[in-house]
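Some notes on the structure that comes next.
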Protein chains: 2
Amino acid sequence: MSYVIEEILESLREARIRKGYSQRELSARTGIPQSHISKIESGSVDVRVSSLIVIARVLDTELFLIPKKLVPALTSIVRSHSDTEYDNRQISPAYTLDEHLDD
Amino acid sequence: MSYVIEEILESLREARIRKGYSQRELSARTGIPQSHISKIESGSVDVRVSSLIVIARVLDTELFLIPKKLVPALTSIVRSHSDTEYDNRQISPAYTLDEHLDD
DNA sequence: TAAAATTATATATAAAAACATATCATTTTT
DNA sequence: AAAAATGATATGTTTTTATATATAATTTTA
């Protein structure tokens with residue numbers, strides 16, 4: 001299985017989880033059998049593009065074809081908007097009402 | 001045929017032309033029969049994702065799955081780097097050796 | 001730890017892609 | 001205008017997806 005398809009399938013699964021859908025629910029929303037969705041996610045079938053698109057749409061995602069030279073820029077954007085990775089830098093309030101609180 | 005697949009197929013064809021490949025040459029480079037490439041480009045088959053990826057790779061493009069909310073940002077980037085649309089704004093040289101030339 | 005829900009696997013069948021190959025129609029080049 | 005290249009179409013065959021359905025295995029929840 002190619003790296004690209006692995007990436008796409010992983011993104012799909014992540015998107016499904018993020019929406020809180022089970023395979024059954026995704027099945028109901030797409031009309032694609034749960035058993036087949038399982039195979040698709042596991043990469044055990046060479047899915048047709050129409051199936052991919054139907055699933056993508058239900059998961060609020062979209063399939064794109066982009067020039068390779070733009071890949072770094074895009075991954076950067078996607079990464080920065082990712083919900084799985086979050087900003088945990090410490091910020092200091094400009095002032096506090098409760099000056100004795102520890103960090 | 002869905003809008004998304006139409007877009008992708010159009011991008012593929014454009015990318016092929018941009019590389020100066022005929023369907024025959026793309027066929028030779030991908031191992032996919034020319035007759036089938038013709039069908040794919042015309043949207044008369046529901047192409048499998050592996051075929052799409054093989055073709056995309058040869059054409060220096062890549063398939064991506066992105067959150068819908070990022071679509072505007074991405075289309076903007078892709079558009080600004082597009083080769084089909086080019087910058088034809090008039091620029092003025094800082095100086096000329098030939099001062100009597102008309103605009 | 002039971003029960004329930006979810007995911008993976010199995011089987012049989014139908015539908016469609018993908019293939020090899022050939023050829024026709026159209027466009028481009030010489 | 002003739003030759004060459006390109007793209008579309010046709011046919012028969014093979015391979016594989018996709019479907020329906022059931023059930024087993026695993027994970028989550030009560």
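Labels below follow one simple rule: chain letters A, B, ... track the order of the sequence lines, proteins then strands, and each chain is numbered from 1.
Atom CD of residue E7(B) and atom CD1 of residue I53(A) lie 10.5 Å apart, to the nearest 0.5 angstrom. The OG atom of S35(B) lies 9.5 Å from the CD atom of Q23(B); values are rounded to the nearest 0.5 Å. For the atom pair S38(A) OG and L26(A) CG, the distance stands at 11.5 Å (nearest 0.5 Å). The CD1 atom of I40(A) sits 5.5 Å away from atom OG of S51(A), with the distance rounded to the nearest 0.5 Å. Atom NE2 of residue H36(B) and atom OG1 of residue T30(B) lie 10.5 Å apart, to the nearest 0.5 angstrom. We find the OG-CD1 distance between S27(B) and I32(B) to be 8.0 Å, quoted to the nearest 0.5 Å.
Residues of residues 40-59 of chain A having a heavy atom closer than 4.0 Å to DNA chain D, listed by number: V45(A), D46(A), V47(A), R48(A), S51(A). Within residues 23-31 of chain B, the residues having any heavy atom closer than 4.0 Å to DNA chain D are, in order of number, Q23(B), R24(B).
Note: CD (Q34(B)) to P (dT9(D)) measures 11 Å, nearest angstrom.
Taking for each of P33(A) and I17(B) the nucleotide of DNA chain D with the nearest heavy atom, the 5'-most of the two is the partner of I17(B).
In plain terms, the two heavy atoms of R57(A) and K68(B) that are nearest each other are O-NZ, 3.2 Å.
Using five terminal pairs a side, the axes of the helix from dT1(C)-dA30(D) to dT30(C)-dA1(D) at its two ends make an angle of 60°, given in steps of 10 degrees.
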Do any side-chain atoms of residues 58-66 of chain B form donor-acceptor pairs under 3.5 angstrom with protein atoms, and if so which ones, sequence neighbours left out?
{"from": "D60(B)", "atom 1": "OD2", "to": "K19(B)", "atom 2": "NZ", "distance (Å)": "2.8"}
{"from": "T61(B)", "atom 1": "OG1", "to": "A56(B)", "atom 2": "O", "distance (Å)": "2.9"}

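Applying the side-chain contact (heavy atoms from CB on, under 4.5 Å) rule to E25(B) yields the partners Y21(B), S22(B), R29(B); only residues at least two apart in sequence or on another chain are considered.
Under the 4.5 Å side-chain heavy-atom criterion for grouping Ile, Leu, Val, Met, Phe, Trp and Tyr, V49(A) is connected to V45(A) within one hydrophobic cluster. Hydrophobic clustering places V71(A) together with I77(A) (ILVMFWY residues linked when any side-chain heavy atoms are closer than 4.5 Å, directly or through intermediates).
Of all nucleotides in DNA chain C having an atom under 4.0 Å from a heavy atom of chain B, the first and last in 5' to 3' order are dA17(C) to dT21(C).
Residue-level contact check: I32(A) touches the backbone only, with heavy atoms under 4.0 Å from sugar-phosphate atoms and none from bases. Counting any heavy atom pair closer than 4.0 Å across all strands shown, S38(B) reaches a base atom.
With contacts defined as side-chain heavy-atom distances shorter than 4.5 Å, the pair L12(B)/L52(B) qualifies. Side chains of V47(B) and I55(B) form no contact here, defined as non-hydrogen atoms less than 4.5 Å apart.
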